[in-house]
Amino acid sequence: MTDTQIKTIDDIARLAGVSKSTVSRALNDSPLIGSETKERIRRIAREHRFERNDTARRLSLGQSNVVALVTYDYSAKLVQASPFALELMSGITAGLHANGYDLLVIQVSPKDTDWVARYLESGRVDGFVLMSGNCSLQHISTLMERNAPFITFGIPAGRRGYSWVTGDNYTGGKLATEHLIGSGRKRVGFIGGSAKLVDVQDRYAGYVAALEDAGRAVEPELVVYGDFSPESGAAAIGMLLSVAPDLDGVFVNSDLMAVAAMDEIRAHGRSVPDDIAVVGYDDVALAAHTDPPLTTISQSVTVAGRMLAENLVQLLRTGVGANVTVPAELVVRKSA
């Protein structure tokens, strides 16, 4: 048999006098194959300059080595503009690359569930990463019914029983509010993302706990919700200033909203932090370069992205999922 005839694992198996599966395991460094047999098979492969066809191998195993990040048509613009989403995606990509996987970003409709079967049955992807703030419970149910490998960032309301990575939102909300109270602020507002999100609810619970620990009552007029967009941050602080002119501190549920809120505060003739102290959330790279630099809660966004990737790969390889809570940490800068 000449070198040009050594094209497949079958050819190596015939030369080595072993089965095709033994060759495959040896080339993949399986512990099921003895070291002597493994070395003999590898030596034959080297001598005949054998190169595996990884595409064919993935097809034979039913694997694409691609994971899909699911975005939704109504949220695509916000995701594209969000430093948080981009930093999370960067972490996911790095974690997948380290494990031999690629990332595909797909856009689906909130009312459509056919995409689950479409991407799985075509073999285009092996699993999915979802953002809890966007995914619907119908999509979660469809994924679980089809036994599709997936993981979420954040915890969607309702059904459980799947893998997720989330930040410690309760602690983050408490740390942000405690810092504002501890710096002498008397009336501290809360600007949330969507009130239906578990992450936002937990941040609000931390805000309430910090007020209560300080012997203060929650003032409903100081609580406003947006949708994480900068426009909603500006609108929310405008509402707070109209009902509470003596507002002197505010906890904002995202850095992007907080930056817009600071601009709006200045537009109302107030200064940050002299008149109103501002604390954001996420600690995206932009936060250190705003005017003034933003005090915020870090939940290590890129680390969370890597954990999403690594835990999904673990689920794909072993069938065992994991749930991870990323610690929250106060990062003090000049805005508070």
Side-chain angles (χ1 to χ4, degrees), residues 62-72 74-75 79 84-85 88-89 91-96 98-99 101-172 193-194 196-203 205 228 299-328:
Q63 296 175 344
S64 66
N65 279 34
V66 175
V67 165
L69 174 63
V70 181
T71 63
Y72 293 78
Y74 65 82
S75 65
V79 169
F84 171 83
L88 186 72
M89 193 183 304
I92 294 170
T93 303
L96 290 175
N99 285 279
Y101 280 77
D102 293 320
L103 181 68
L104 173 68
V105 180
I106 64 175
Q107 184 174 308
V108 303
S109 168
K111 296 182 180 180
D112 173 30
T113 57
D114 293 340
W115 59 269
V116 178
R118 187 164 64 247
Y119 280 96
L120 281 179
E121 292 176 1
S122 68
R124 294 175 65 185
V125 303
D126 298 334
F128 303 94
V129 179
L130 294 88
M131 303 286 284
S132 68
N134 298 327
C135 64
S136 68
L137 292 179
Q138 187 178 13
H139 287 168
I140 296 290
S141 296
T142 302
L143 287 161
M144 295 183 72
E145 287 166 5
R146 295 190 62 87
N147 200 30
F150 74 99
I151 191 168
T152 67
F153 180 75
I155 310 173
R159 194 169 180 176
R160 299 289 192 272
Y162 46 83
S163 296
W164 45 259
V165 172
T166 191
D168 187 350
N169 292 289
Y170 173 83
T171 299
S194 172
K196 70 180 181 179
L197 299 181
V198 174
D199 293 357
V200 175
Q201 294 166 10
D202 287 346
R203 292 173 196 178
F228 289 118
Q299 55 178 342
S300 304
V301 179
T302 55
V303 173
R306 289 188 70 98
M307 288 182 174
L308 283 166
E310 291 169 0
N311 287 337
L312 180 56
V313 170
Q314 173 185 293
L315 178 62
L316 290 167
R317 291 175 175 172
T318 68
V320 179
N323 298 329
V324 177
T325 299
V326 181

Does the side-chain hydrogen bond (donor to acceptor under 3.5 Å, both in side chains) test come out yes or no for Asp168 and Thr171, once each step is laid out?
CA-CA 6 Å; Asp168 187 350; Thr171 299; 2.8 Å; yes
Show your reasoning for whether side-chain contact (heavy atoms from CB on, under 4.5 Å) applies to Val200 and Phe228.
CA-CA 10 Å; Val200 175; Phe228 289 118; 3.7 Å; yes
Tyr101 vs Asp126, test: side-chain contact (heavy atoms from CB on, under 4.5 Å). Steps then yes/no.
CA-CA 10 Å; Tyr101 280 77; Asp126 298 334; 3.6 Å; yes
Step by step, would you call Ile106 with Arg124 a side-chain contact (heavy atoms from CB on, under 4.5 Å)?
CA-CA 11 Å; Ile106 64 175; Arg124 294 175 65 185; 5.8 Å; no
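Contact detail for Ser300 and Val326: the closest heavy-atom pair is CB-CG1, 4.1 Å. The shortest heavy-atom contact between Asp112 and His139 is O-NE2, 2.6 Å. Smallest separation of non-hydrogen atoms from Ala148 and Val116: CB-CG1, 4.4 Å. In plain terms, the two heavy atoms of Gln201 and Lys196 that are nearest each other are NE2-O, 3.3 Å. Taking every heavy atom of both residues into account, Leu315 and Gly321 meet most closely at CD1-N, 3.7 Å. Across Arg306 and Ala98, no two heavy atoms sit closer than the pair NH2-CB, 4.2 Å.
Ring orientation note: the planes of Phe153 and Phe84 are tilted relative to one another, at an angle of 30° to 60°. Using cut-offs of 30° and 60° for the angle between ring planes, the Tyr162 and Phe150 rings count as tilted.
The CG atom of Asn169 sits 4.0 Å away from atom CG of Asp199, with the distance rounded to the nearest 0.5 Å. Atom CG of residue Leu316 and atom CG of residue Asn99 lie 10.0 Å apart, to the nearest 0.5 angstrom. Between the CD atom of Gln299 and the OG1 atom of Thr166 there is a distance of 7.0 Å, given to the nearest 0.5 Å. Ile140 contributes atom CD1, which lies 11.5 Å from atom CD of Glu145 (distance to the nearest 0.5 angstrom). Once rounded to the nearest 0.5 Å, the distance linking CG of Asn323 with CH2 of Trp164 reads 4.5 Å. Summarising the geometry, atom CD1 belonging to Ile155 is positioned 6.5 Å from atom OG1 belonging to Thr325; distances are rounded to the nearest 0.5 Å.
Legend: residues meeting salt bridge (charged side-chain N to carboxylate O under 4.0 Å, His left out) with Arg317, ordered by chain and number and at least two apart, are absent.
Side-chain contact between Val66 and Tyr119 is absent, with no heavy atoms from C-beta onward closer than 4.5 Å. Side-chain contact between Leu143 and Leu130: present, with at least one pair of heavy atoms (C-beta onward) separated by less than 4.5 Å.
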